[in-house]
Protein chains: 2
Amino acid sequence: MGSFTNDWKKCKNCPIRHRAFCSRCEPDEFAKLESLKYYRTYNAGQTVVWAGDKMNFVASVVTGTATLRETLIDGRTLMVGLLLPADFLGRPGRSISPYEVTANTDLVLCCFRRNAFEKMMEEMPHIGRRLLEMSLDELDAAREWMLILGRKSAREKIASLLVALAQRKKALHQIGPNDRLNFHLPLTRESVADYLGLTLETVCRQISALKRDRLIEIEGKRDIIVPDLTALIREAGDDVGSYPSI
Amino acid sequence: MGSFTNDWKKCKNCPIRHRAFCSRCEPDEFAKLESLKYYRTYNAGQTVVWAGDKMNFVASVVTGTATLRETLIDGRTLMVGLLLPADFLGRPGRSISPYEVTANTDLVLCCFRRNAFEKMMEEMPHIGRRLLEMSLDELDAAREWMLILGRKSAREKIASLLVALAQRKKALHQIGPNDRLNFHLPLTRESVADYLGLTLETVCRQISALKRDRLIEIEGKRDIIVPDLTALIREAGDDVGSYPSI
DNA sequence: CGCTACTTTGAAAAGCTTCAACCAGTGTGG
DNA sequence: CCACACTGGTTGAAGCTTTTCAAAGTAGCG
C-alpha cells in the first residue's frame, strides 16, 4: 500500500477514534498510543486465536468484523459475540483466550502488546474508564442475547436478528421512518444458525416462512427488505415501545 | 440489632472485603467508603428493582443472593445472572436497570448513592480497575452460559448446573478429591427451569433421570450427592480437563 | 386438618433436528 | 468450452426432544 492510502493509520484520522477504548484520550496520550500500536490484518475466514491459546496482545477492531465462538467437546459450537469496528478484543490481566476468534470478513486490528497496554492503563485513567463502559455494554448485550437463546422460538430468534440488523442500518445511515428499509445479511445461513443456536435447515425454513408471511422480502439470497419494522419487532416477541424512535 | 452483632459493618471486618469492588482500597480509602456507604436489607422474594426502573444507587452483595431476570412481553422470563456475595449490582453511568433484580434469599446490600460512587471512582483508581476485572469475569461467565442455553440438551443443562454448584461447594469448603461431595440446591425446580431456559416439568424429569442413572443421589428434595463428579461433568458435555483439580 | 407451595409423572402435541435429495451459482482443469 | 466439483441454499419426511395439559403426591404450617 502506498503511504497515501495509510491516512487511517494516524490516530487523528482513525475511523474508530470516537468509539474505541481510546476515545477519551488527549492529544499527548495519542502520541503515546501512536508509538506503541501496530496493525495486524487477517483475511475473511482466518483464525485470530484458538480457544485456550495464549494471546500476547489486545486490540481494537478498525475495519471488518470478527466472531467469538465457544465449542463443546463433541464439536457443537455457538457464536457468543460479534466484534464490530471499535470493539475491543482481548483482556488486560489474562493471556489465555477462552474463545476462538475468527475474522468474519477481511479484518484490520489495531494492536498493543499486553504488557505495554497494561502499563498504559495505569498511566491513562481514561482508558480504563472507557473500557469499563464498553465491557458493561457488552455484558448487557450478552444478557439480552441469553434471553433470545433461552426463551425464544426459532421464528422469534430469526426475527430478532433481522430487527437488530435493521436497527443498526437505520442508526448508521440516518434512514427516516418512511424510507424503504433494506440491508445486507452479512452471514451465511450456517453462521446465522451458529449465532442463534439453531440448525441451518431451521434457519432456512424460518426465513422462508417470514418471507411467505410478507414480514420480509428477499433479493438474491442475502439482501433483506423490511416493509414494516414494527410488525417484525412484534414477531420477534419484543415490546415495540422498548425500541428508540420507531 | 445490638451493636455487638454489627461487627461486619466495619469495612475491616466485612466478609466480602477481599473480593468486592473495594478489595484493592487502602486504609484511608476505606475511611471514605465507610463515610458514604449505607446498608439495605431485603427478605427472600422481595424485588430490589423492576426492569426499566430508575435505580439511584449501586451496591455490593454482602450476604445472600439475588437474581437478574429478563422478561418478554408475553411473560416468558429467563434468569440472566445470579449475584453472590461480593458481586456488584448496578452500573456507574446509567440509572435505568435493564433487568428485574430479586432477592433470592434474605439479602444485605452495601450501597452507595450513584453520584457519590461515580465521584469516588474518579478519586480512587483502584475501584475502577477492580470493577473492570469483575465485569470481564461476568462477561466470560455470561458467554459460557450462552453456550449452555444455545446448544446443550435438557439433561446436559441440568448436569451443568449441578457441576457448577458442586464446584463452588468444593472451592468454598476445601473438599478433598475423595470426600463425599454433597450440596444443597438453593433453587426451586421452577427457578432452575428459569435459569436454564426449560420448563419445570422438564427439570423434574431430567433430575429424576440423572438419579435413575446413578449420576446423582437425592436426599429430601433439594440435597444432592455427587458420587462421581467426573462422570457428571461428562454428562454435562464438558471437557473434564478444562476443570481445575479434578 | 386442610390449606398452600412445591414436586412428580403421564400422555398428547408441538417444535426442532436429522437425514436426504436437490437447486443455483462459481470456479477449475481437461 | 464444457464437465465437474464445490459452496451455499432450499425443501420434504421421519424421528426425537421438549413443551403443554392434566392429575396427583408430599411437606410445612396456621
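Below, chain A is the first sequence line, B the second, and so on; all start at residue 1.
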Could you give the [atom1]-to-[atom2] distance, from [X] to [N], as a whole number of Å?
X      : N      : atom1 : atom2 : value
A:R76  : C:dC16 : CZ    : P     : 18 Å
A:E156 : C:dG15 : CD    : P     : 11 Å
A:L210 : D:dT11 : CG    : C1'   : 16 Å
B:D194 : D:dT18 : CG    : C1'   : 16 Å
A:L78  : C:dT17 : CG    : P     : 12 Å
B:I207 : C:dC6  : CD1   : C1'   : 12 Å
B:E219 : D:dA27 : CD    : C1'   : 16 Å
B:L198 : C:dT7  : CG    : C1'   : 16 Å

Residue pair A:A236 / A:V163: nearest heavy atoms and the distance that separates them: CB-CG2, 4.5 Å

Of the candidate nucleotides [options], which contains the atom at the shortest distance from the side chain of [X]?
X      : options                : answer
A:R222 : C:dC6, D:dG8, D:dT20   : D:dG8
B:L200 : C:dC16, C:dT8, D:dT11  : C:dT8
A:T199 : C:dT18, C:dC16, C:dT7  : C:dT18
A:C204 : D:dT19, C:dT9, D:dT11  : D:dT11
A:R189 : D:dA22, C:dC16, D:dT10 : D:dT10
A:T188 : D:dG9, C:dT17, C:dT7   : D:dG9

Strictly below 4.0 Å: does A:T202 bring a side-chain N or O up to OP1 or OP2 of C:dT17?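 Answer yes for this pair, as a side-chain N or O of A:T202 is under 4.0 Å from OP1 or OP2.
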
Categorize A:G197 for me: base, sugar-phosphate, or nothing, with a 4.0 angstrom heavy-atom threshold over every strand shown.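 The answer is sugar-phosphate, as A:G197 gets under 4.0 Å only of primed atoms, P, OP1 or OP2.
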
Taking for each residue the nucleotide of DNA chain C with the nearest heavy atom, is it A:K221 or A:V203 whose nucleotide lies nearer the 5' end? A:V203

Mark yes or no: B:R40 above the aromatic ring of B:F57, with NZ or CZ under 6.0 Å from the six-membered ring centre and no more than 45 degrees from the axis.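 Because its charged atom sits under 6.0 Å from the ring centre and within 45° of the axis, B:R40 does stack over B:F57.
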
Could you check whether A:K152 pairs with A:D238 (Lys NZ or Arg NE/NH1/NH2 to Asp/Glu carboxylate O, under 4.0 Å)? yes

Can we say A:E70 and B:R143 salt-bridge, meaning some charged N sits less than 4.0 Å from an Asp/Glu carboxylate O? no

Does the side chain of A:L162 come within less than 4.5 Å of A:K157's, by heavy atoms? no

So for B:R205 and D:dT20, does any side-chain atom that can act as donor or acceptor lie under 3.5 Å from a complementary atom in the base?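 A donor-acceptor contact between them is present.
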
Side-chain donor/acceptor contact of A:E201 with base of C:dC16 under 3.5 Å: no

